[in-house]
Amino acid sequence: MTYWTKADSINIIRDLIDEAWEAETPEQEAVFPKVMDMGKFSRGEFVDISIGGLGTLLERATLEDIDYDTYVMGTEQRIIPVNYGRGFRMAEEDLDDISDSGPWDGTNLAKMGSYQDVMRRWKRAAIITMEQVCADKVLNGTTAGAYAGRDGLALLSASHVTLKNPTQTQSNVTTGSSLTQANIYSAITSLNTQYDDRGDWIDNEGWYTLLFGPTNWARVGEILGTDRQLDTHNWNKNLLLQQDITPVQWKYLGATYTGWWLINKRRNPLRFLWRQKPKYDENVDFDANAVKYKVTARSAVYHRDWRGIAGYPTT
């Protein structure tokens with residue numbers, strides 16, 4: 001009969017947890033990468049500054065006439081990552097039980113499996129946390145404060161302005177709250193008629209993501225899958241069939257959420273930055289004669305620009 005050493009027990013538990021960690025890939029099943037531009041930053045704080053006047057800096061014409069252009073510095077936006085962490089410590093007494101009793105009765109094997117399951121659930125919980133933080137950005141689309149953009153206004157506002165004279169007041173809030181073909185037409189028009197910080201037109205046309213909650217899944221199917229216009233007395237063709245629109249259902253908006261968002265894929269204003277992807281660590285606690293396990297993640301979500309998104313949020 002062979003007994004394990006304490007080191008053997010630690011290694012077996014470590015191997016089990018590693019297997020569970022490698023086997024699950026919940027990040028690939030997350031929805032927020034379909035909604036936000038993904039990125040990463042390597043410092044504890046990310047700084048984003050809006051700049052207007054990004055045209056040709058030096059233009060030469062006939063007889064060397066020179067037209068100088070200048071930068072216009074906008075507001076500064078600082079983004080600090082949200083931290084996620086879970087951990088547990090396994091006492092020496094548990095390790096002694098595993099070492100002394102052996103795996104043959106199944107008791108300690110089940111105990112080791114429970115540690116494996118804890119790590120699996122924690123990794124999934126980390127991704128769920130990121131999903132909810134991202135969903136809060138659009139759920140609070142009309143709220144300033146913590147959800148304000150670089151211009152100091154909420155994501156959806158009727159008072160957005162350009163940085164450079166002559167200033168242009170712009171809106172990305174749709175007038176119709178219900179999810180209809182006509183209101184999506186209006187949102188597309190809104191996205192295609194926005195100005196940049198110089199007051200010049202932006203090419204936002206083409207390739208959209210239609211973001212909605214579970215309550216609207218059938219409605220979206222009708223809107224995007226019907227040849228003719230819905231809920232009208234005419235037989236006009238559904239022009240949305242000519243657009244490249246990807247429907248994305250996001251459960252983290254809530255089961256009763258009736259709002260909707262149209263996001264231009266060329267100019268996606270929603271950003272998600274990884275500071276540290278979900279990470280598993282383990283170490284021996286020398287003072288307490290225990291083994292520590294933890295899962296950590298750090299990320300930030302913000303909108304750099306309101307252009308490229310239009311919609312009507314509800315709660």
Side-chain angles (χ1 to χ4, degrees), residues 32 35-41 43-55 69-83 130 132-175 177 186-187 189-204 209 211 252-253 257 259-275 298-315:
F32 66 85
V35 180
M36 303 197 169
D37 286 340
M38 306 295 292
K40 61 182 179 179
F41 63 107
R43 298 186 178 184
E45 186 178 53
F46 182 79
V47 180
D48 194 358
I49 302 175
S50 60
I51 300 176
L54 290 179
D69 203 351
T70 58
Y71 289 105
V72 178
M73 303 303 293
T75 55
E76 182 180 276
Q77 187 176 13
R78 293 180 177 269
I79 299 95
I80 299 175
V82 174
N83 299 324
M130 307 310 158
Q132 190 58 64
V133 171
C134 290
D136 286 343
K137 170 58 65 174
V138 294
L139 284 172
N140 296 281
T142 58
T143 305
Y147 299 96
R150 67 182 191 183
D151 59 356
L153 299 177
L155 175 59
L156 283 190
S157 175
S159 304
H160 292 296
V161 296
T162 58
L163 288 176
K164 196 172 184 180
N165 289 329
T167 59
Q168 299 283 344
T169 300
Q170 303 177 81
S171 172
N172 63 337
V173 184
T174 58
T175 57
S177 60
S186 176
T189 301
S190 175
L191 292 179
N192 292 343
T193 54
Q194 301 291 5
Y195 298 101
D196 64 11
D197 286 338
R198 292 172 52 87
D200 295 331
W201 294 105
I202 297 174
D203 182 13
N204 268 343
T209 294
L211 185 64
Y252 291 93
L253 294 177
Y257 185 80
W260 57 276
W261 302 77
L262 193 67
I263 304 173
N264 187 276
K265 296 179 182 179
R266 289 185 178 181
R267 191 180 182 90
N268 191 343
L270 304 177
R271 305 293 179 91
F272 180 88
L273 302 176
W274 281 114
R275 177 70 171 87
R298 301 187 71 192
S299 65
V301 58
Y302 75 107
H303 70 275
R304 183 178 188 273
D305 200 350
W306 53 269
R307 284 161 283 224
I309 186 169
Y312 197 96
T314 61
T315 55

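Residues Tyr252 and Ala135 come closest through the heavy atom pair O-CB, 3.7 Å. Considering every non-hydrogen atom in both Ala187 and Leu262, the closest pair reads CB-CD2, 3.9 Å. The two atoms that bring Thr169 and Ala158 nearest to each other are CG2-O, 3.7 Å, heavy atoms only. The minimum heavy-atom distance linking Leu139 with Leu253 is given by the pair CD2-O, 3.5 Å. When every heavy atom of Thr189 is checked against every heavy atom of Thr193, the shortest pair comes out as O-OG1, 2.7 Å.
When the side-chain contact (heavy atoms from CB on, under 4.5 Å) test is applied to Thr142, the partners found at least two apart in sequence or on another chain are Leu156, Pro313. Checked against side-chain hydrogen bond (donor to acceptor under 3.5 Å, both in side chains), Trp261 has the following partners two or more places apart in sequence or in another chain: Tyr257. Taking the side-chain contact (heavy atoms from CB on, under 4.5 Å) definition, one finds that Arg275 meets it with Phe41, Pro81, Arg298, sequence neighbours left out. Applying the ring-ring contact (aromatic ring centres under 6.0 Å, His included) criterion to Tyr312, with sequence neighbours excluded, gives no partner residue. For Asp37, the side-chain contact (heavy atoms from CB on, under 4.5 Å) partners two or more places apart in sequence, or in a different chain, are Asn268, Arg271. With sequence neighbours left out, Arg43 forms a side-chain contact (heavy atoms from CB on, under 4.5 Å) with no residue at all.
Interatomic distance, CE of Met36 versus OG1 of Thr209, reported as 12.0 Å (0.5 Å rounding). Separating the NZ atom in Lys137 from the NE2 atom in His303 is a distance of 5.5 Å, to the nearest 0.5 Å. If you take CG on Leu211 and CD1 on Ile309, they are separated by 7.5 Å, rounding to the nearest 0.5 Å. Interatomic distance, CG of Asp305 versus CG of Leu155, reported as 10.0 Å (0.5 Å rounding). Tyr195 OH to Arg307 CZ: the interatomic distance, rounded to the nearest 0.5 Å, is 12.0 Å. Taking CD of Gln170 as the reference point, atom CD1 of Ile202 lies at 7.0 Å (rounded to 0.5 Å).
In this structure, Val47 and Arg78 have side chains that are in contact, with non-hydrogen atoms separated by less than 4.5 Å. Using a 4.5 Å heavy-atom cutoff, the side chains of Val133 and Ser299 are not in contact. Side-chain contact between Leu270 and Tyr302: absent, with no pair of heavy atoms (C-beta onward) separated by less than 4.5 Å. Residues Ser190 and Val173 fail the side-chain proximity criterion, which asks for heavy atoms closer than 4.5 Å.
Between Trp306 and His160, the angle of the ring planes stays under 30°, which puts this pair in the parallel group of the 30/60° scheme.
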> Is there a side chain to side chain contact (heavy atoms under 4.5 Å, CB included) between Leu153 and Ser159 once you walk through the steps?
Replying inline: CA-CA 8 Å; Leu153 299 177; Ser159 304; 4.2 Å; yes
